[in-house]
Structure formats: structure tokens, C-alpha cells
**Student:** 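The following block contains the structure, expressed as C-alpha cells.
Computed from a predicted model, the values in this text were never measured in an experiment. Just so you know, these numbers use all the heavy atoms, side chains as well, and skip hydrogens, waters and symmetry mates. Residue numbers begin at 1 in each chain, while the letters A, B, ... track the order of the sequences.
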Amino acid sequence: MTNSAPNPTITRFAPSPTGHLHIGGARTALLCWAFAKKNNGRFLLRIEDTDQQRSSESSTRGILEDLAWLGIQWDDGPELDYHGSTFGGDSRSVGPYYQAQRIDHYNEAINRLIEEDKAYPAFETPEELEEKRKEAIEAKVGYKYDRAALDIPREQRMERMKAEDYVVRFKMPDEAITVHDEILGEVTIKPDEFDDFIIRKRDGFPTYHLAVTVDDAMMGVTHVLRGQEHLINTPRHVALQSALGYPHPVYGHMPLIFNPDGSKMSKRDKDKAAKKASKDAGLSSSPIEGLSDADFAEWLKNKTRQLESSTLMQLAEHLQINLPEIDVEDFRRAGYLPSALNNYLALLGWNPKTKNEDGTDLERFDMDYLASHFAMSGMGKGQSKFDRVKLLSFNADAIAALSDEDFAKHWHQWATTYDPSLASRFSESDMVELAPAVKTRSKTLADGKGVIGFAFIDDDAIEFDGKAVHKALIKGDHKGLELLKAFRYELSTFDDFSASSIEAKVSSFAESKEVGMGKIAQPLRVAVTGSGVSPSLGQTLAILGKDSVLNRIDRCIEHASAEAL
RNA sequence: GGCCCCAUCGUCUAGCCAGGUCCAGGACACCAGGUUUUCAUCCUGGUAACGCGGGUUCAAAUCCCGCUGGGGUCACCA
């Protein structure tokens, strides 16, 4: 495909601001972005807020920030300042990018269609239509609008428009429409599958079909990459484009993403998980302030009832469970890196079909790679299941690959938002020091705290794991305990508490006592952490510092001596 | 239910369009072993799939048909 200057490739992502950015939407946006970049084109962001009831400004803001966090930069669209860089703008002067601000454009197109007799007003009320729909269902036939309004003479219709409430319907041409889809091939839909759909609602706002057609044309969109749930809409848009004399963009409908059990990934999954945990825990009354017992009981027994997101999070915390991640914000909170999320998302349905040097398939790649290699030909046709375990593995690898400095930056930034106590306990430069111990032991940024959990406990509050104490200190004639005492003595005059010199110190001590490293390492580890498991000994002691280490050893000696009697 | 889309290891997939090089390759997970003072990392090896039935062909994971299964869609939501 060649691109001459006058006709750049333009893709778009057009979310409706009715909630957070769903992970499926993020993948659509990512691949639209990648396609545009690969073809030296532009990626456009448009907010489809024609549903006045459900749209909100805070949703828009959230979606913009989620995209920015992922690093999916839009060239045209609403402006956003994010950590010093500006996203969006209107350099081509084809805005505004909020559909609610583009009503004049839609009306112009609608009026033109009416004048050309390609669209017409219809006067049935929603209730009347609902009635007819019900009848059709009972008769087990597909419902289609019966074109009753077309029986009214045109003159009369035009007259009634002035006085009555009405919708505008598009006269769907009576011919089969073939969509040339870059992913699925040719898809032909017969005319009896369509009726004269509404293009302007009673409230004067256009419907999605009309708005999307007008906007894509006016904004110069050349390629539409979207989820397969839109496949059936495409013939409508193609017909509308023809009627309005617009060019037809190239389409690509990508397969949808599902939960491992095959169900749709939806916000309801969070309620489902919380309900199950509540039942398992035998909760009979609301444990959350601001949620009444009655509401809680109703929510619990009604499968479709959903709780406010913040309430749900409080409940999850109370139950000590993790809610399934559904929105980009969820993954962010859970401590995923955007690079890992993008990588996994891109691979879900797209394959670079390239080998690594060792002959394995290329799976790990970054945004630059995507931007220079993405092609629709690599898209799969089949639906896929979202495997959090594989994503976790991608994330763990991405974290491990970070430099200590970058890891500290990400970790501290994450903690600042999601775990302020962690962020205030350890500065970013502290975290650089912690990085070597934490990186290979964390699958997510949220895991980090657990790795160094021993550092969060006061010296005199350490709880000693009985088994570990026995195995490391008491077993074999208290050899471990004696070694620990001896090492404690040497440590009292030792001041260089860097990880490497502590390692050296322990090593030379073991040599002088003619024992293996483990003989002194494990007693020490148990003494300072209470358990037999921690990062490397040098790192562990370095994190605690000399005072704390000595305190803890003393306390352990006391504890173990009592145990040994 | 009508229409439309889809179908390879448990999961994501390569191979399919241009049939033979595929007793089907990779990744995640899992199992076993190794490295490591513990854990984690890391290394080595292993288990594991062409949904079913018909064709076409010397030859089918690859082409055709049917079945089954999964999904989408049938709004004055997008």
C-alpha cells in the first residue's frame, strides 16, 4: 500500500464516554494507532457523546488519561496535557471532536437526505413501535419497521414535521451489500436483513450510524478497525456513505476478547466475584459503611444488581480478594506496566509471524515495533480468551527487564497513587536500592510491597515462624543459634551495611567457622525476617540497616533460647 | 429463532490462501531435573492439539459439503 501526501492513512478510535476504558477498547485503540503509525498516517480520537443520558465528562477525562497512560498518542482529538506532553489537537481543522458539538453537521446531512427523498420523517411513538416489536416476537418473525410513514403523502409528512415529534429514518436501499473486510474477507448481507433505521432521534440528536458516517467522512478517516460486534452495522454505514456521496473507508473487524470461561468481559464480573466471596465468607450483613444491610442483601441475591465501583473496592478489601481486572484503570491499579499490557493486548489476535534468532516465535515487542510492523494481514479471525496468567508473565518479564532506576520510577509513581504509605516510607532513591531485591520477585508493582514486607514490621513485632526457627536454629544441638550469637558479636563492630559487603562478611564468617553458607545464612534470615524466605541475605540486611538487624538478632536469640529449653 | 462471523495443545497462536518438507512449531501454564545460603530469577528436558462425518486427490491441519460447537447481531445505546 502506498501513501501519497494528499491521502494519508487516518484511523480513529471513537469511544462513547459512558464509563472507564474497557480493556477491549484499549486493544482496538492500540491497533488503530499501530496501523496509522505503520502507514505514516494519523490516529484520531473522537468522543461519541450523542447519548445525553449516559455520557459524562468524567468518563471522557478517564478514557483520555487511560489512553495517555498506555502511551497511545492521538494526533487529532481532544487535547490533554499528560505529564508534560500534549496529546491531541486540531491541526487539520476538522474538529470539534465531541459529537454533541457537531449537531449542525449532522442536521445538514440529514436534511439533504430528506430533500433527496433518501430519508423521511416517521411519527410512531416508541411505545407503538415496542408494541409492534412484541407482536413480531410472538409471531416468531424478525421485526422490521413497516414503512408505515411512507404511506403518508410526502407533502403531508413535511407538513406534520413542523408540528409533531418525529424521528428521521433512512430509506435503506433494496439491494444486497457486500463489505470488503481486510480481516474477514467479503461479507455479503441480504437486503431483507435491514429496515429503515433511525438516523435522528426524537431529541434531535443523530443516532450512532449517522454521526459516525458523517464524522468519518468529514475527518478524512480512511481505515476503520473495530470490534466484530460492529460487522452488522457496516452495511448501514456503507449505504449511508453512498447516499451522501462519501468515499467508503477500508474496514477491518477484529475478533472479540472473552473471559477464560467464554463469558463476556464485563464490569459485572467484579460484582460476580464479590458476591461469590461474600457468600463464601458467610456475610449476612453489609460490612461497608454507606451500604445498608437491605441493599447488601438485595445485591447479594439479585444476579444483575451492580454496586458502585468504590463500594465494590471497599468490599473487596474487606474480603481480602482481588477483583478481576476489566478496565484499563483496573490493570493500572493492579500494578501492570503499560508496555506489558500493550504487548499482550497486541498479541491477542495479532501475530507478527516473525522468528527470534533462536528460532522461537517473536512474542515480546514494544510500541516501536508495533508501530513499524503492524499489518491487518496478521490478524486472526477467531475469538480469543483473555489469559491473565500469561499477561502476568509478560508483566513480570517487563519488570525484571527494567533498570533499577526505571523500576524505582515506575514503582514510586504507582505507589504515590495507589499505596501512599509505601510511597512515603520509601523515596524513589530508596527504591533504586530495593530494586535488585524486588524486581525478580514481583509480577506486578503491587507485589513489591510483599517482597519487602519484613521491613514494614517493627523490630519487636516480628513473629517467628516456629518451623523455620526449629530448622535453622535449634535442630542439631543449637548449632544455628550458636553461630548466630557468634555472628552477632562480629556484626557489632561492622559498619558497612551495603548488600555486597554483607555478603562478603557472611561468606568469610562461614569460612572461618568452617561451615557452609547456609549454616549461618538461614539463622540470620530467620532472625531478621521471622521466616526462612526472603530476598538475598545481603539485600535483606541492607534494607533493614545495622540497628534494626542487631535488634532483631537479639530478639531472635532470646526467643530461640527460650524455645530450646 | 433469522442472519452473519469463527473453529490447531488447558490458554494465546504458527502452519491453511499457492495440499506433500507437519507422526504439527513457539509462548504461557503444568510436570521433572539443574543452578542458587532460602525464595524468586535463570537453565535443561517432558506432557499436551488439527471438533465430528463425508467428499476431492497418489497425498488434506491445509480445498469442498454437511453436522456440531462457540460468538456476534436483531434499540429513538454506541
**Student:** Dump every N/O contact between nucleotides 75-78 of chain B and the protein below 3.5 Å, one line per pair.
**Tutor:**
from, atom 1, to, atom 2, distance (Å)
B/rA75, OP2, A/Arg133, NE, 3.3
B/rC76, OP1, A/Arg133, NH2, 3.4
B/rC76, OP2, A/Arg133, NH2, 3.3
B/rC76, O2, A/Arg202, N, 2.8
B/rC76, N3, A/Arg202, NE, 2.9
B/rC76, N4, A/Glu124, O, 2.7
B/rC76, N4, A/Pro126, N, 3.0
B/rC76, N4, A/Arg202, NE, 3.3
B/rC76, N4, A/Arg202, NH2, 2.8
B/rC77, OP2, A/Lys201, NZ, 3.0
B/rC77, O2', A/Asp51, OD2, 3.1
B/rC77, O2', A/Arg54, NH2, 3.0
B/rC77, O2, A/Arg54, NH2, 3.3
B/rA78, OP1, A/Thr50, OG1, 2.7
B/rA78, OP1, A/Lys201, NZ, 2.7
B/rA78, OP2, A/Tyr208, N, 3.2
B/rA78, O3', A/Glu48, OE1, 2.9
B/rA78, O2', A/Ser16, OG, 3.4
B/rA78, N1, A/Asn233, ND2, 3.3

**Student:** With heavy-atom distances below 4.5 Å as the criterion, would you say the side chains of A/Ser266 and A/Ile326 are in contact?
**Tutor:** no
**Student:** Measure the distance from CG on A/Asn351 to P on B/rG25 and round it to the nearest whole Å.
**Tutor:** 16 Å
**Student:** When you compare the side chain of A/Lys443 with that of A/Ile399, does any pair of heavy atoms fall below 4.5 Å?
**Tutor:** no
**Student:** Any base atoms under 4.0 Å from A/Phe258, or only sugar-phosphate, or nothing? Heavy atoms, all strands.
**Tutor:** sugar-phosphate
**Student:** Spell out protein contact along nucleotides 37-47 of chain B as letters: B when the base is contacted, S when just the sugar-phosphate is, - when no protein heavy atom is under 4.0 Å; keep the 5' to 3' order.
**Tutor:** BBBBS------
**Student:** Pairing check on B/rA7: which nucleotide meets the Watson-Crick or G-U wobble criteria with it, both distances under 3.5 Å?
**Tutor:** B/rU68
**Student:** Let me know, please, whether A/Ser393 or A/Leu348 comes out on the 5' side of the other along RNA chain B by nearest nucleotide.
**Tutor:** A/Leu348
**Student:** B/rA14 phosphate, OP1 or OP2: any side-chain N/O from A/Lys353 under 4.0 angstrom?
**Tutor:** yes
**Student:** Quickly work out the A/Asn343 CG to B/rC12 P distance and round it to whole Å.
**Tutor:** 17 Å
**Student:** In whole Å, what is the span from the CD1 atom of A/Ile232 to the C1' atom of B/rG2?
**Tutor:** 11 Å
**Student:** Between A/Asp361 (CG) and B/rU13 (P), how many Å, whole number?
**Tutor:** 13 Å
**Student:** Give the rounded distance in Å between these two atoms: CG of A/Asp387 and C1' of B/rG26.
**Tutor:** 15 Å
**Student:** Looking at every strand, decide which applies to A/Gly349 at a 4.0 Å heavy-atom threshold: base, sugar-phosphate, or nothing.
**Tutor:** sugar-phosphate
**Student:** Measure from NZ on A/Lys355 to P on B/rU13 and round the result to the nearest Å.
**Tutor:** 16 Å
**Student:** Name the residue from A/Arg147, A/Arg169, A/Lys118 that meets the salt bridge (Lys or Arg N to Asp or Glu O under 4.0 Å) definition with A/Asp196.
**Tutor:** A/Arg147
**Student:** Grab the NZ-P distance between A/Lys264 and B/rG70 for me, whole Å please.
**Tutor:** 16 Å
**Student:** State, with a plain yes or no, whether a side-chain heavy atom of A/His223 is found less than 4.5 Å away from one of A/Pro249.
**Tutor:** no
**Student:** Are the side chains of A/Phe386 and A/Tyr344 in contact, using a 4.5 Å heavy-atom criterion?
**Tutor:** yes
**Student:** Is the phosphate of B/rC4, meaning OP1 or OP2, less than 4.0 Å from a side-chain N or O of A/Lys190?
**Tutor:** yes
**Student:** Map A/Leu347 and A/Gly142 onto RNA chain B by nearest heavy atom, then report which one ends up closer to the 5' terminus.
**Tutor:** A/Gly142
**Student:** Nearest whole angstrom, please: distance from the P of B/rG71 to the CD of A/Gln228.
**Tutor:** 13 Å
**Student:** State, yes or no, whether a side-chain contact exists between A/Val438 and A/Asp447 at a heavy-atom distance under 4.5 Å.
**Tutor:** no
**Student:** Here's one to test your reading of the geometry: is the NZ or CZ of A/Arg46 within 45 degrees of the ring axis of A/Phe13 and under 6.0 Å from its centre?
**Tutor:** no
**Student:** A/Arg133 and salt bridge (Lys or Arg N to Asp or Glu O under 4.0 Å): which partner among A/Glu135, A/Glu131, A/Glu130?
**Tutor:** A/Glu130
**Student:** Check the phosphate of B/rC6 against A/Lys381, side-chain N and O only, distance under 4.0 Å to OP1 or OP2. Yes or no?
**Tutor:** yes
